[in-house]
Amino acid sequence: MANVLTPQGEDFPRWYQDVVAKAQLAENGPAKGQQVIRPTGFALWERMVDEMDARIKETGTENASFPLLIPESYFRREADHVEGFAPELWTVTHAGGKELEEKLAVRPTSETIIGEYMAKWVKSYRDLPLLLNQWCNVMRYELRTRLFLRSSEFLWQEGHTVHESYEDAHEFTLRILHDVYADFMENVLALPVLRGIKTEAERFAGALNTFAVEALMRDGKALQMGTSHELGQNFARAFDIQFQGKDGQQAHGWTTSWGTSTRMVGGLIMGHGDDSGLRVPPRLAPVQAYVMVVKDSDEVQGAAKQVFDELKSSGLRVKLDHRADVAFGRRAVDAELKGYPVRIEIGPRDLKNGEATLVSRVKGVKETVPLGMLAEAVAAALEGDQQALFDEALERRERLTADAATVDEAVEAAQTGYARLPWDACGVEGEQKAAAAGVTVRVLQREDGSVPDSLDEPGLIAYLARSY
RNA sequence: CGGGACGUGGCGCAGCUUGGUAGCGCACCCGCUUUGGGAGCGGGGGGUCGCAGGUUCAAAUCCUGUCGUCCCGACCA
């Protein structure tokens, strides 16, 4: 693991790929841009799914499943949408050995096919809101791919809802942004996120407004961690999602869509990783405490098993590694690479004193703890590490954020992090100019940091950065 | 599509300039010794050098063609 995490982006991807490979998280699939997620990587995703799914259901949204293949004609119904996604589509042309009359697109996102069914299911205002989500894989042809951050095939969650009014839809879009996405990312992933609205150039194809949460990586580049779109009545018109209101009149519904993907695993690696590998925040960690033996003996193995049982029954996610045929250093380094928050080493020397060695991945310190107090000590270490990771990331973001007065200043400042620039001093022309220099407007916020209702509000602040 | 590299055991590479029977590290297998921070020693298996043609007594190496991959840019959760 050669490179240090300097704010010079060129070295970083190499370091990133080292972690992905050495921690056995994922590797490339046979087709361009596909990713094979290995069990250690998938465990991270599974934990994200658990935490996210609980939050999604809190909003009243239900899970469902829609087809992988979508007739091409569905895409053509919404003009902006087809234009936006046409270059990214993978298309199925044959089935059963024969050429299909109508080609089928492998879903890049499911607004169109879900819209088709929503139209059938929505008849009355009593059917609203209709709140659906699906966990699935999607495919988008990408010119440049990178494991977890941008792959042709990725796993995600996509929510799709229909509401009675603009206000209801707007409110729900922001509820997802705050209560589901930002809450999960800050409290579980320990990654502070900027919440805001996207410019027209960065908006989802076919949407009225796109809201997003953005995290800053260790190298000062931004990563879009999730988006929530209010689609207005664009898709409702295209797919004829109509209902009869209280007043007896037919009206088009107001729809939203929102998604987060396995990219969050990439954000986790690049947001928290260090020269020794991944660091996983305790609340997310599939393995919170890793119990290992130092040397092989009946006493040591017995004590390790006992510690494992005790920690497990205290409600922690624990892994017991009883191997003694692999060198100690190898096992310790592997545990570090995979980012297990707490490692407990049990050897004859510890046992002689009735102790165990507790190693914190985040703080990197070792301490000896009496066996009887392990459960409390581990719980305390986990809590401290969760907070320490968040604080560290927040401090870094603040340190890497600079105010700018002009587009040129912003481009300069964005070489190392976020540049804050009044949107009035930037505008669409400034945005294009910055983009030519590899810097994009990530989100717009109000002066007080809150999320604007639309791009029309005066006095907005733009956050510019380089991004993945 | 524009610019630049590279194809040699599973992975990462050297060898090519100056042709002479294919080598290193990691990984893997066996044995012994090890195990408190990526073990040591000994032994072993695995490659028609991307593909096709040409030059030559002889081609990984030189020539021609071809296929493919990666990087930078444009596009993007």
Side-chain angles (χ1 to χ4, degrees), chain A residues 1-2 9-10 13-14 17-18 21-24 27-28 30-33 35 83-89 107-111 136-146 148-159 181 198 201-205 207 210-215 222-229 257-267 276-277 292-297 300 321-337 343-353 355-357 359 364 366 368 432 435-438 440 442 467-468:
Chain A
M1 196 114 25
E10 285 65 44
R14 182 172 190 91
Q17 283 165 355
D18 267 0
K22 290 187 181 173
Q24 302 189 329
E27 53 197 74
N28 287 312
K32 180 176 172 61
Q35 58 188 350
E83 192 187 332
F85 279 103
E88 297 180 58
L89 289 184
R107 62 183 167 214
T109 179
S110 305
E111 276 76 5
C136 63
N137 55 345
V138 291
M139 289 193 79
R140 298 178 184 182
Y141 186 81
E142 299 286 357
L143 295 172
R144 274 191 66 197
T145 62
R146 192 141 275 162
F148 289 124
L149 295 174
R150 175 168 297 103
S151 45
S152 282
E153 180 180 2
F154 55 95
L155 303 179
W156 77 343
Q157 117 335 268
E158 50 175 327
Y181 291 170
K198 288 284 188 183
E202 301 279 325
R203 185 187 286 161
F204 177 76
T210 288
F211 301 91
V213 280
E214 297 266 335
L223 182 71
Q224 181 171 307
M225 296 280 284
T227 47
S228 186
H229 318 288
S257 70
W258 28 282
T260 54
S261 70
T262 39
R263 167 177 279 187
M264 288 193 292
V265 178
S276 305
M292 65 179 288
V293 300
V294 176
K295 290 185 180 178
D296 198 13
S297 77
V300 168
D321 187 352
H322 57 76
R323 290 174 305 162
D325 56 346
V326 179
F328 171 83
R330 163 69 61 183
R331 286 174 287 151
V333 167
D334 280 350
E336 264 162 17
L337 269 169
R343 183 170 81 245
I344 296 157
E345 303 171 356
I346 295 177
R349 219 153 67 198
D350 301 298
L351 288 184
K352 205 156 71 178
N353 303 322
E355 296 173 335
T357 301
V359 190
K366 287 189 179 189
T368 51
Q432 285 169 354
T440 49
R442 305 315 304 164
S467 72
Y468 280 99

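We use all heavy atoms of the structure for the numbers below, so side chains are in, but hydrogens, waters and symmetry mates are not. Throughout, protein chains are lettered first and strands after them, A, B, ... in sequence-line order, and every chain is numbered starting at 1.
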Participant: Hey, does A:V300 have a side-chain heavy atom less than 4.5 Å from the side chain of A:V294?
Facilitator: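 The answer is no, as the side chains (C-beta and beyond) never meet within the 4.5 Å cut-off.
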
Participant: Side chain of A:E336, heavy atoms from C-beta onward: which of B:G38, B:G36, B:G37 has the nearest atom to it?
Facilitator: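 So the nucleotide nearest the side chain must be B:G37.
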
Participant: Would you mind telling me which of A:E111, A:H229, A:E158 makes a side-chain hydrogen bond (donor to acceptor under 3.5 Å, both in side chains) with A:S257?
Facilitator: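 That would be A:E111; it is the only one of A:E111, A:H229, A:E158 passing the side-chain hydrogen bond (donor to acceptor under 3.5 Å, both in side chains) with A:S257.
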
Participant: Answer yes or no: is there a side-chain heavy-atom contact under 4.5 Å between A:V359 and A:E345?
Facilitator: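 Yes. Closest side-chain heavy atoms under 4.5 Å.
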
Participant: Taking the C1' atom of each, how far is B:G37 from B:G45, in whole Å?
Facilitator: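 So the two C1' atoms sit 31 Å from each other.
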
Participant: Roughly, in whole Å, what's the span from CZ in A:R203 to C1' in B:A77?
Facilitator: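 Those two atoms, CZ and C1', are 18 Å apart.
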
Participant: Check each of A:M264, A:R442, A:R263, A:E214 against A:L223 using the side chain to side chain contact (heavy atoms under 4.5 Å, CB included) test, and report the only one that passes.
Facilitator: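 Single pass found, and it is A:R263.
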
Participant: Picking from B:G38, B:C72, B:A77, which would you name as closest to the side chain of A:R146?
Facilitator: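 Minimum distance to the A:R146 side chain belongs to B:C72.
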
Participant: Does any non-hydrogen side-chain atom of A:L337 lie less than 4.5 Å from one of A:Q24?
Facilitator: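 The answer is no, as the side chains (C-beta and beyond) never meet within the 4.5 Å cut-off.
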
Participant: Measuring only the P atom in each nucleotide, how far is B:G23 from B:G43? A whole number of Å is fine.
Facilitator: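 Between the two P atoms, the distance is 16 Å.
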
Participant: Using the side-chain heavy atoms of A:D334, tell me which of these nucleotides is nearest: B:A77, B:G38, B:G37.
Facilitator: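 Comparing B:A77, B:G38, B:G37 against the side chain of A:D334, the answer is B:G38.
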
Participant: Can you tell me if A:R107 uses its side chain to pair, donor with acceptor, with the backbone of A:V138 under 3.5 Å?
Facilitator: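 Here the side-chain-to-backbone pair does not exist.
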
Participant: Side chain of A:K366, base of B:G36: donor and acceptor closer than 3.5 Å?
Facilitator: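 No such pair is found, so the answer is no.
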
Participant: Can you tell me how far P in B:C28 sits from the matching atom in B:G73, rounded to whole Å?
Facilitator: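 About 37 Å, rounded to a whole number of Å.
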
Participant: C1' atom, B:U8 versus B:G12: distance in rounded Å?
Facilitator: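 Roughly 12 Å separates the two C1' atoms.
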
Participant: Tell me: CD of A:Q224 to P of B:A77, nearest whole Å?
Facilitator: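 That distance rounds to 6 Å.
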
Participant: Output the rounded distance in Å from CG (A:L337) to P (B:G38).
Facilitator: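 Interatomic distance, CG of A:L337 to P of B:G38: 14 Å.
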
Participant: If you find the nucleotide of RNA chain B closest to A:P348 and the one closest to A:G438, which residue's nucleotide is nearer the 5' end?
Facilitator: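 Nearest nucleotide further toward 5': that of A:P348.
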
Participant: Within the sub-3.5 Å range, which N or O atoms of nucleotides 28-35 of chain B have a protein N or O partner, and how far apart are they?
Facilitator:
unit_1: B:U35; atom_1: O2'; unit_2: A:V294; atom_2: O; d: 3.0
unit_1: B:U35; atom_1: O2; unit_2: A:A324; atom_2: O; d: 2.9
unit_1: B:U35; atom_1: N3; unit_2: A:A324; atom_2: O; d: 2.7

Participant: Can you measure A:R330 atom CZ to B:A27 atom C1' for me and round it to whole angstrom units?
Facilitator: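 That distance rounds to 10 Å.
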
Participant: When the distance from CZ of A:R343 to C1' of B:G38 is rounded to whole Å, what number comes out?
Facilitator: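 Atom-to-atom, A:R343 to B:G38, this comes out as 12 Å.
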
Participant: Taking the six-membered ring for Trp and the single ring otherwise, decide whether the centroids of A:F85 and A:Y141 are under 6.0 Å apart.
Facilitator: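 No, the ring of A:F85 stays outside the 6.0 Å limit from the ring of A:Y141, centre to centre.
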
Participant: Donor-acceptor check, side chain of A:Q157 to backbone of A:T260, threshold 3.5 angstrom: yes or no?
Facilitator: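 Yes: the side chain of A:Q157 pairs with the backbone of A:T260.
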
Participant: Quantified in whole Å, what is the P atom distance between nucleotide B:C72 and nucleotide B:G54?
Facilitator: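 That atom pair is separated by 39 Å.
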
Participant: Among B:A77, B:A27, B:G36, which nucleotide sits nearest the side chain of A:R349?
Facilitator: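 For A:R349, the side-chain atoms sit closest to B:G36.
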
Participant: Reading RNA chain B 5' to 3', what string of ( ), [ ], | and . shows its pairs, if Watson-Crick and G-U wobble pairs count only when both distances fall under 3.5 Å?
Facilitator: ((((((((.[[[[.)....(..]]]].((((((.....)))))).....[[[[[..)....]]]]])))))))....

Participant: If we take the C1' atom in both B:C51 and B:C71, what is their distance in whole Å?
Facilitator: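 To the nearest whole Å, 24 Å.
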
Participant: Do the non-hydrogen side-chain atoms of A:E142 and A:E88 ever get within less than 4.5 Å of each other?
Facilitator: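 In contact.
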
Participant: Distance check, P atoms only: B:C49 and B:A59, in whole angstrom units.
Facilitator: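 After rounding to an integer number of Å, I get 11 Å for this pair.
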
Participant: Between A:L351 and A:A435, which residue's closest nucleotide on RNA chain B lies nearer the 5′ terminus?
Facilitator: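 Closer to the 5' end of RNA chain B: A:L351.
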
Participant: With distance as the sole test, does A:R343 use its side chain to make a donor-acceptor pair with the main-chain N or O of A:M292 at under 3.5 Å?
Facilitator: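 Not confirmed, A:R343 side chain does not pair with A:M292 backbone.
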
Participant: Nearest 0.5 angstrom please: A:F154 CZ to A:N137 CG, how far?
Facilitator: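 Interatomic distance, A:F154 CZ to A:N137 CG, rounded to 0.5 Å: 9.5 Å.
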
Participant: In whole angstrom, give me the gap between the C1' atoms of B:G19 and B:U34.
Facilitator: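 Each nucleotide's C1' atom is 47 Å from the other's.
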
Participant: Is there any protein nitrogen or oxygen under 3.5 Å from a nitrogen or oxygen in nucleotides 3-11 of chain B, and what are the pairs?
Facilitator:
none

